[in-house]
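Before any comments, here is the structure.
Bear in mind the structure is a predicted one, so any value in this text is a computation, not a measurement.
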Amino acid sequence: MIMKVTPATGDSYEVEVRLGDRLRAERTMIAKGYGNPTQGPSTWMALATYAAAVRESKAVATDFEEWADGLDDLAQVDADEADTESFPGAPSITA
């Protein structure tokens with residue numbers, strides 16, 4: 001999936017979030033005590049996108065917390081790039 005990253009300062013950029021990035025996000029959530037993807041879907045999506053940004057050498061911040069604190073938005077870019085959806089692909093939360 002392609003994610004559009006909009007930092008509070010600077011230009012937006014896109015990264016491709018791959019399976020390895022999503023797995024890294026899940027492991028990081030567990031290791032840092034953030035819960036699991038169902039409990040924190042926005043955190044999960046941000047961690048996966050950060051992992052992709054680091055892998056693609058696009059993340060300016062060297063720390064996830066610093067990077068996340070500087071975001072205005074994350075949105076998935078549709079295949080036709082016509083629409084975007086904030087925090088897509090996160091597990092659904094059921095009551």
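- Atom CD of Gln76 and atom OG1 of Thr49 lie 9.5 Å apart (nearest 0.5 Å).
- The neighbour count for Asp63 CG, taken as heavy atoms of other residues, nucleotides or ligands under 6.0 Å away, is above 12.
- Environment of NZ in Lys32: sparse, with no more than 12 heavy atoms of neighbouring residues, nucleotides or ligands closer than 6.0 Å.
- Taking CH2 from Trp67 and OG1 from Thr62, the interatomic distance works out to 13.5 Å, rounded to the nearest 0.5 Å.
- Between the side chain of Glu14 and the backbone N or O of Ile2 there is no donor-acceptor pair closer than 3.5 Å.
- Using cut-offs of 30° and 60° for the angle between ring planes, the Phe64 and Tyr50 rings count as perpendicular.
- Met1 has its side chain within reach of Arg22: a pair of non-hydrogen atoms, C-beta onward, lies under 4.5 Å apart.
- The shortest non-hydrogen separation linking Gln39 to Pro41 is C-CD, 3.7 Å.
- The two atoms that bring Val15 and Ala53 nearest to each other are CG1-CA, 3.8 Å, heavy atoms only.
- Side-chain contact between Val5 and Leu74 is present, with heavy atoms from C-beta onward closer than 4.5 Å.
- To the nearest 0.5 angstrom, Met29 atom CE is 6.5 Å from Asn36 atom CG.
- Residues Arg24 and Leu47 have side chains not in contact (no heavy-atom distance under 4.5 Å, counting atoms from C-beta outward).
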